[in-house]
Each structure stands twice: as C-alpha cells, then as structure tokens.
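Just below is one structure, and these are the notes that go with it.
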Amino acid sequence: MKNAIKIVLFILFVLLGCTKKTGLDNDTVSSADSLPIYLKLANENNVPLKSKQTYNLKALNIILTQKDDTLNKKNLFKVANRYYNMSDWKAYLKTTKLILERAEKSKDSANMAKAYTYLGDYYLSQSISDSAFMNYYKAEKTYLKIGDQLKLAKTFLNKASLQYNEGDFYESEIAVFKTLTILKKQKNVNDLLYESYNLLGVLYNEREEYKKALEFQNNALEILQDKNIPAEFQYKAASLNNMGYIYMNMKKYKEAKTFFEEGIRQSNLFKDRASLYAILLDNLGYAKFKLNDETEMPDLFYKSLQIRDSLDLVSGVVSSKIHLSEYYAFKRDTAKALELSKQALKLSRTTTKYVNTLEALKQTTIVDPKNASIYSREYIKLNDKMLKIERKMGEKFSRIEYETNEIKDENSNLQEKNKTLVYVFSICTLLGLFFYVYKTQQAKNRELLFKQQQQIANEDIYNLMISQQNEIELTRIKEKKNVAQELHDGVLGRMFGIRISLDSLDKLDEAEAASKRKKYLTELKNIEQDIREISHDLNREKSELINNFIAILNKLFENQINTYSSKLITTFDPNVKWEAISNIVKINLYRIIQEGLQNCNKYAEADIIKVEFKNENEILVLRIEDDGIGFNTKKTKNGIGLHNIEYRAKECKGTVTIKSVKDEGTKLTVKIPIIPNNNLHNNDI
C-alpha cells in the first residue's frame, strides 16, 4: 500500500513539475497545495539525500512567494529543520538568517528567539562555541522578556550542555538548576526533566561528587517511568551506562558491571542508538577486566571497536584501543599493547579533543617505559594547554553575557531619551572613543608584550616545579636505597658480629670475658653513633623538601616585586607544618596566590600588597590583602578568576572569603585544614 502511494505521488510531482514559476534559483515550483507534500518528502528517511534537498528547495520557493505572517515563518522553520536533519549546514544557516531577518522586521519576539536558538544549534554543530553561546544567550533574554517559561527552560538547558562540553562546569550547573526551577512549575515536561537530572549526574561525576551524581541519575531513571517518553531515545540505557560509569570511577566494578549488563539488555538498543550500544560494550569489558572476569574477553572490546569504527566515532575508537592496550599489557603481551596504544595516540592527535590524547599518552607512557619521559613532557604541556583553553572559553562566555547585557541596557536608556540628546551623546561617545584609542594604542602594545612575557614566566615556573619535584623524588629514592644499604651492610652486619661474640663469652673465665665485654660495648657505641648520623641525614632531607616549596613561592614573590611598582609584604608563620601538607594542596596554594596577585595587579591599583601564611588551630590560613580601590563583590561574583580560586580551595576541602570596600582595599582569605599524613601524593614539591 505504501509503495503504491509513493508511485502515485511521484507521477503527481512529474505532472506538477511542468508548471513554471519563478523562485530564488529559477527552479520550478508548484502551487501552495503541494507545499505539505514537499515538506513531507523532504523529511522521509528512505528518500535519497539529493531528492530531499530538491523537495525542500521547492518548498522554500513556494513559501517565499507567500505572505510573510506567522504561518509563513512556521513553514520556514520546517524547511530549516529538514536542512538540519540532512546536515546541509549552508542551506540551514541561510534559511535561519532569513527567518531572523523577517522576525526582526515584523518585531516578532517569539520567532526571533526561536531563530536565535536555531543559530546556536548551527554554530554548535560547527564547534564554534562562543557564537553558539551568544545566540543561546540572546534567545534566553528574549524568552525572558516575553515570559515564555518553557522555552526559556529549554534555552537554559542548551546553554548548560554547551558549557559542560567546554569544561565550564560551575556555570553549567547554575544553568541546569535554573532549568529545574522553571520545569517544576510546568506540566508534561518529563523529557526535559530527564535531560536536566542526567546532565547534573554527569556534571557531579566529573567533579568526583559521586553521591550527588548517583542521586541525580536515580532521579533521571524515575522520570523514565513516564511512558510518553519515546522508547527509541533509549534514555534508560543511557542512564544505566552513566550509573555504571559512576561506580567504575568509585572503583566499585562489580556494581558497575551490573548496570552495564542491564543497559545492554534494553530492547532495540543497537538499532536505535548503535553508538550507545558500543559504549556499553566497551564499559562492560573494562569492568570485567578490572574484576579479572575473562568471560567474553577481549571480544567485548573488539565488538565495541568494530561498531565505533563503522560509525566513524573517532573518540570512541581511541577509547577502545586504549582499553585493549591495557588488557594486553595485563596479559604481558607488551608488543600488542604498545601497538594499540600508539595507534590510539596517533588517531587522537587528528582530533581537537585533548582529553583523548591525554589518555592515550598516559597509556603509552606505561607500556613504553623507555620513552616515558618524552610522553610525560608532552602530557604536561598538553594538559596545561587544555586548562588554559577551558579557562579562556569560560571567560569568553562570561564576557559575552556581560557585553550583551551592557548593550541591552544602553539601548533601553537611549530609547527613553530625547532624540537630540541621543545625537549629542553619540557624538560625544565617538569623540571619547577616538581620544581613548589614540591614547591607549601604545599602552596596548606594551600590555600585550607584558602579557606574553608573563605567560612565558608562568610556564617556566610550572615547568620548574615539575622538574624540581621529579629531581627530589629521584634523590629521595636514592637516599632511601643508601640508608637501606648502610643499615643492611654496615649496622646489621656489625651487630650480628657482636651478638655472636657476646654468645662466646659464656665459655671464657670472668677476667677475660670482662676485657672483651668492654671492647664490644665500645663497638656498640660506634654503631649507635652511625645510626644517629643516618637519622640526621634523613632529617636534613626532610627539611630540604619543605624549604623547596618556600623557595618556589619566594621566586614568584621576587618576580612580582621586580615587575610591579606595588610594595609586597610576605609573612610565613614558623608554626605551619609544611611536611603535613600534601603536594596537591601546595600546587593549589601556589595557583591561588598567582591568581590573587594577578587580580591585584590588573584591577586593584594598590600601593601595598600583603601575603600572609598562618597556622590557626591546625588550619592553614592564606591572606592576600591590598589597599587598592576595592570592588563590588556582588557584581563580580561570576568572574572566572574568583571561580578558579574557589574551586581550588574546595579541592583542598577549604573555604574562601572575600571582603572588599570601595577605596579601602580587598582582603582574600583562604582557610584549609591541616590533616596529618593526608598527602594525596607521596612526593612533595
């Protein structure tokens, strides 16, 4: 029956095609009655791509001859949707811009906001994150203005997903909670509720807050009891995979295996979402590998790899090959493990996803110990580059929001003023801008040069920290070996000799035994002195280890003093037990100080900057204080620099307090608990 209908429609189109009508591309179009048919055929899966594009173009040409009203824009959005589904990005962008132009002309705010969302989707598909964010933000502001809460919630969710993908986890979390606040007042929005809870689960898993991650994933699974959510989306399989992944990060591989197996058992999973099926296979294989469960191994990895390769999922192929490399390394097939890890590394370098390359470098370092130092250096350099890119993108998102708000505020104010005042203001603004550009051009060049020098200096300091850390670790290992050798070959051997000699005294008379006993006591005193010297050497090594971190800080302070005119006063409390402070805390403290000084230099205009370390009841307190111009802490709470300081303090289980008064300076206080023997790494800085 379906085939017969298609044949009739085809004959109808051939006959209709004989009627000529002028369009944008001078192509033939039929009457308005044919519009729904063209739109339907342009969306059929079994129609060839070229034919779908032809039908969609015919539909577009018909729409452009019609009156520009709400129905006309609705049909234009249908055309854009079909271009999106075909991945015809050029035509999709052209159509969306046309809709936006018409909506702006007719002051149709609802369709303007929808067009902004479509533009955001386009730039997201092209990996142009800042443009995508800007359009989503414009859509957000427009929906907020017209009070369309449901579409506003969808826009918040789009922003949250984009921010998560760019590593801006803090702002992504805020956007999701804004979405949930709106959705809880709406009806029939379970699909959006599911996506929100699922994204929160993924976010908290990334931040290693596993309890919260599991809580939100369970919320997402409860939402899926609503049978109105289409089963072909395979949301349940996705959540089960996410649950398993959380348990795998918690090293609870048995629980993870259970969730992955249940996910794979979901009906029609391979047909509906082959990529998700491949992920579950790979994750199940890895969980079994960690449990030493040899069933279906390594077939699970190879099945996943085959599917991912057929779908051209480069990141997935890299992940599968890394897991296979780990498996063969465990089986002591070093050649196979090295071959797979190098394949993964080579493939990962063809993508822009640095996470894949970092994972491949880590595995290659393990299976190729001879060249481990080369891969380690590349890993450190790439990881630092990735962090800078993530921070830059977060700053760019914040700047887009700020600049967009500023523009909207200016437009509102200008509309309220008299036209004459607007002209005067515009002229004054242009004159002021010209004067500002003239005066600051040379200063900008100097500032750019300074920033480049500062960036190089920061990289040098970081590399110095890493190299000193490695050198100290090697020295410690060497010293430990020396101590062990001294104790075994020297002290223990001599003590054993004395013990044997003392045993022989029982066979001698008292006079002769007394003489030899005195000799052996003298020898024991010598051994005691040797042990004391070894102990002193160990204590000296410990002192040098502690002083190394202080030396690195002093180098940072020296660079600050030499570069800026502000007076720097530093204070170190002798009661701070640096040996009880972990390497990760020290590095975070270094970065917090670096960020704090940078903020003072850029914004504070301070004459005096104070940096102080104190031990207050086993709480390490860092204070950075300046006598500058101060700032409004409420208006600048979204700054990326302050977010980074708060995030680093939170990593150390600490707190951050910022107090600032206009023209009275700013005080930043970071408090971190000193937990004995809580070193997250065995080696200190």
Side-chain angles (χ1 to χ4, degrees), residues 458 461-462 464-465 468-469 472 476 536 538-564 566-601 604 606-628 630 641-642 644-661 664-685:
N458 288 341
I461 291 170
Y462 186 76
L464 176 63
M465 290 173 67
Q468 287 181 342
Q469 179 182 346
I472 289 169
R476 290 179 68 188
H536 288 170
L538 290 175
N539 285 331
R540 191 181 305 112
E541 177 196 353
K542 189 175 185 181
S543 174
E544 290 172 356
L545 191 64
I546 296 166
N547 291 334
N548 182 61
F549 176 67
I550 304 301
I552 292 172
L553 279 180
N554 284 331
K555 188 174 180 69
L556 174 63
F557 296 147
E558 182 181 352
N559 183 60
Q560 167 73 16
I561 292 168
N562 292 336
T563 307
Y564 300 94
S566 303
K567 183 179 179 181
L568 179 64
I569 301 173
T570 59
T571 306
F572 290 90
D573 188 345
N575 294 321
V576 175
K577 301 175 182 178
W578 293 107
E579 67 273 23
I581 297 173
S582 69
N583 177 40
I584 194 72
V585 171
K586 289 176 183 175
I587 286 186
N588 278 316
L589 283 172
Y590 180 88
R591 288 303 194 194
I592 289 171
I593 294 170
Q594 195 176 40
E595 186 71 41
L597 290 176
Q598 184 176 334
N599 287 339
C600 291
N601 297 330
D607 295 322
I608 300 174
I609 303 172
K610 296 180 181 179
V611 179
E612 179 185 22
F613 280 105
K614 288 194 72 177
N615 184 346
E616 296 180 357
N617 298 323
E618 295 307 304
I619 299 292
L620 178 60
V621 180
L622 165 64
R623 289 190 178 92
I624 303 175
E625 185 177 358
D626 67 74
D627 61 350
L642 295 180
N644 285 344
I645 289 174
E646 291 174 351
Y647 184 79
R648 289 186 179 279
K650 190 175 181 181
E651 271 196 331
C652 305
K653 298 187 169 83
T655 60
V656 176
T657 305
I658 302 172
K659 294 182 180 179
S660 185
V661 179
E664 293 183 19
T666 303
K667 181 187 285 187
L668 169 71
T669 304
V670 180
K671 295 184 178 181
I672 297 172
I674 301 175
I675 304 173
N677 301 321
N678 191 33
N679 290 336
L680 301 181
H681 296 274
N682 292 330
N683 54 317
D684 285 333
I685 291 177

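Everything numeric in this text was worked out from a predicted model, so none of it was measured.
Considering Leu568, Leu556, Ile569, Leu668 in turn, Leu568 is the only one that fulfils the side chain to side chain contact (heavy atoms under 4.5 Å, CB included) rule with Val611.
Residues Tyr590 and Ile587 have side chains not in contact (no heavy-atom distance under 4.5 Å, counting atoms from C-beta outward). Using a 4.5 Å heavy-atom threshold, the side chains of Glu616 and Lys614 count as touching. Contact check for Leu589 versus Leu620: side-chain heavy atoms found under the 4.5 Å cut-off. Using a 4.5 Å cut-off on side-chain heavy atoms (C-beta onward), Lys586 and Ile581 make contact. Using a 4.5 Å cut-off on side-chain heavy atoms (C-beta onward), Leu597 and Tyr564 make no contact.
Partners of Cys600 by side-chain contact (heavy atoms from CB on, under 4.5 Å), not counting sequence neighbours, listed by chain and number: Ala604, Ile609, Ile624, Asp626. The side-chain hydrogen bond (donor to acceptor under 3.5 Å, both in side chains) check on Gln560 picks up Asn601, with sequence neighbours excluded. Residues passing the ring pair (Phe, Tyr, Trp, His ring centres under 6.0 Å) test with Tyr647, sequence neighbours excluded: none. Applying the salt bridge (Lys or Arg N to Asp or Glu O under 4.0 Å) test to Lys667 and every residue at least two apart in sequence or in another chain returns nothing. By the salt bridge (Lys or Arg N to Asp or Glu O under 4.0 Å) test, Glu558 pairs with no residue at all, sequence neighbours left out. Qualifying side-chain hydrogen bond (donor to acceptor under 3.5 Å, both in side chains) partners for Ser660, counting only residues two or more places apart in sequence or in other chains: Thr666.
From Lys567, atom NZ reaches atom CD1 of Ile561 across 10.0 Å, with rounding to the nearest 0.5 Å. Rounding to the nearest 0.5 Å gives a distance of 4.0 Å between CH2 of Trp578 and CZ of Phe613. The CD1 atom of Ile592 sits 11.5 Å away from atom CD of Gln594, with the distance rounded to the nearest 0.5 Å. Of the inter-residue distances, the one linking Thr655 atom OG1 with Lys650 atom NZ reads 12.5 Å to the nearest 0.5 angstrom. We find the CD1-CD1 distance between Ile672 and Ile619 to be 9.5 Å, quoted to the nearest 0.5 Å. Distance CD1/Ile658 to CG/Asn599: 8.5 Å, rounded to 0.5 Å.
The two atoms that bring Asp627 and Ala606 nearest to each other are OD1-CB, 3.4 Å, heavy atoms only. For the pair Asn588 and Arg648, the tightest heavy-atom approach, listed with the atom from each and the gap, is OD1-NH1, 2.8 Å. Looking at every heavy atom in both residues, Asn615 comes nearest to Glu618 through OD1-N, 3.0 Å. Residues Ala649 and Val670 come closest through the heavy atom pair CB-CG1, 4.1 Å.
No more than 12 heavy-atom neighbours from other residues, nucleotides or ligands sit within 6.0 angstrom of CG on Asn617.
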